[in-house]
There are 2 protein chains.
Amino acid sequence: MTVFEPISVPDPSAESSAADFSVRVAEERFIEAMGLAHEEDRLPRIAGRLVGLLILSPEPVRFDHLAARLRVSRASISTNTRLLENMGVIQRVTRPGDRRDYFKINEEPGLLLRIVDRYRARQASAEEMKRALLPEPDAGGVVAERLDRFIRFYSILADSLNSVLAAMAGGDGNSRPGTA
Amino acid sequence: MTVFEPISVPDPSAESSAADFSVRVAEERFIEAMGLAHEEDRLPRIAGRLVGLLILSPEPVRFDHLAARLRVSRASISTNTRLLENMGVIQRVTRPGDRRDYFKINEEPGLLLRIVDRYRARQASAEEMKRALLPEPDAGGVVAERLDRFIRFYSILADSLNSVLAAMAGGDGNSRPGTA
DNA sequence: CGGTTTGTTTTGTCAAGACTGAACACGATG
DNA sequence: CATCGTGTTCAGTCTTGACAAAACAAACCG
């Protein structure tokens, strides 16, 4: 899970212009928005903020830098980076001769596959129900129709999601086998 | 929010065959699956079960019947039906001369619009960030590209979701203005 | 007017889990 | 070896939210 990569030290010459400031504010907003968004997906808010911050960071970011920037404990950084790393959303980056850990977002959209799975699961349980209902087409009239819509909807949804993923992976030079 | 509709009294002649039983089991599983699925969407589990049960009910179901069937308190039914009703997922059905409330699922996929909104929101916050980043195209190189992918993905996703919704509404005889 | 049925609101309890500080592990370094 | 730097794990706190029981409200009925 560990990526090996040369790190270019972030430029410490901090000239702060007016534009710089507005960018900083926008970053704050974006990071917070990502926190909220991921919370909706049942992920810790900190994990979301982490993702937001890493999206905005051209270079891998140091572990303790993350803690300082987001103003949370190192423990939280440790927990949430591990979580995101396992999910394939971010990558841990190390450099020989440097004991510290850096993190970068994974350019491959790992998170989205999870969404597809969720939709597929719903489709599946509707299909199972429909099969169980088959013996009696009588009372199943309205219900069977509903289930059909349900199944159709989630199936189309998952399919189109997959095709978007495939398209982006293709345009990006990355291939994701087994999901087309 | 209240629908006005004649109610056909559910047939109390309960002849239970073997097939009937397996259907009952399948229903249980389906309802439970819907409970879990909705929990993932940050809705109370009971709300999800409610939806599951109502999907499987050809006729509107009585308030206290819901409590009995799902074995939860009337308080929970009250809270969760109100929640789902406000979200447009289910409809309260009343009948003149009958003080009791019945519920049915809304055949229009109200819940899904919420998903679209979520995706649009993410797209929007990425767009905002990108705009704020514009003044400095320098450091924005990698980041701007990421944001672009981000925006593109969620935009396509929301669009395709919308078109699925539109298609289903069309094939279903229902029109949803303002979402094409 | 009581009393009954039906649904709502309030209040309290309980569990889940996010987050932290502190202890810990472990390698590097003087 | 003592110490520092770095990340992880553990134990505890605090918040959130689901759920229920009970009090409540309102419509109906005798």
Q: When you measure from the side chain of B/R82, which nucleotide among C/dT9, C/dT8, D/dA21 comes out closest?
A: C/dT9
Q: Let me know the distance between NE2 of A/H38 and P of C/dA18, rounded to the nearest Å.
A: 14 Å
Q: Could you check which of C/dT20, D/dC19, C/dA28 has an atom nearest any side-chain atom of A/R99?
A: C/dA28
Q: What class does the angle between the rings of A/F30 and B/F150 fall in, given that below 30° is parallel, 30 to 60° is tilted and above 60° is perpendicular?
A: perpendicular
Q: Expressed as a whole number of angstroms, how long is the span from A/N80:CG to D/dT8:C1'?
A: 13 Å
Q: Expressed in angstrom and rounded to an integer, what is the separation of A/L50 atom CG from C/dC19 atom P?
A: 11 Å
Q: D/dA21, C/dT20, D/dA18: which one has an atom nearest the side-chain heavy atoms of B/P44?
A: D/dA18
Q: Could you tell me the separation between the CZ atom of A/R100 and the P atom of C/dA28, rounded to a whole number of Å?
A: 14 Å
Q: Rounded to the nearest Å, what distance is computed from the CG atom of residue B/L36 to the C1' atom of nucleotide C/dA16?
A: 15 Å
Q: The side chain of A/T79 lies closest to which of these nucleotides: D/dT9, C/dG27, D/dG7?
A: D/dT9
Q: Between D/dA20, C/dT20, D/dT8, which nucleotide has the shortest distance from any of its atoms to the side chain of A/S78?
A: D/dT8
Q: Using atom CZ of A/R45 as one end and atom C1' of D/dG17 as the other, report the distance to the nearest whole Å.
A: 14 Å
Q: Which nucleotide sits closest to the side chain of A/R74: D/dT8, D/dT9, C/dT8?
A: D/dT8
Q: Name the closest nucleotide to the B/S76 side chain, picking from D/dT8, D/dT9, D/dA20.
A: D/dA20
Q: May I ask you to check whether over 12 heavy atoms, not counting those of B/R120, lie within 6.0 Å of atom CZ?
A: yes
Q: State whether the number of non-hydrogen atoms from other residues, nucleotides or ligands found under 6.0 Å of B/R71 atom CZ is greater than 12.
A: no
Q: Please answer: with hydrophobic residues joined when any side-chain heavy atoms are less than 4.5 Å apart, are A/L36 and A/L53 in the same cluster?
A: no
Q: With nearest nucleotide decided by heavy atoms, which residue, B/R71 or A/I77, maps closer to the 5′ end of DNA chain D?
A: A/I77
Q: Once you round it to whole Å, what is the distance between C1' of C/dG7 and CZ of B/F103?
A: 9 Å
Q: Can you tell me which residue among A/R62, A/R92, A/R95 is in a side-chain hydrogen bond (donor to acceptor under 3.5 Å, both in side chains) with A/D101?
A: A/R92
Q: From the set D/dT9, D/dT8, C/dG7, return the single nucleotide nearest to any side-chain atom of B/D101.
A: C/dG7
Q: Which nucleotide, D/dA20, D/dC19, D/dT8, lies nearest any side-chain atom of A/R92?
A: D/dT8
Q: Could you state the CZ-P distance from A/R62 to D/dG5, rounded to the nearest angstrom?
A: 12 Å
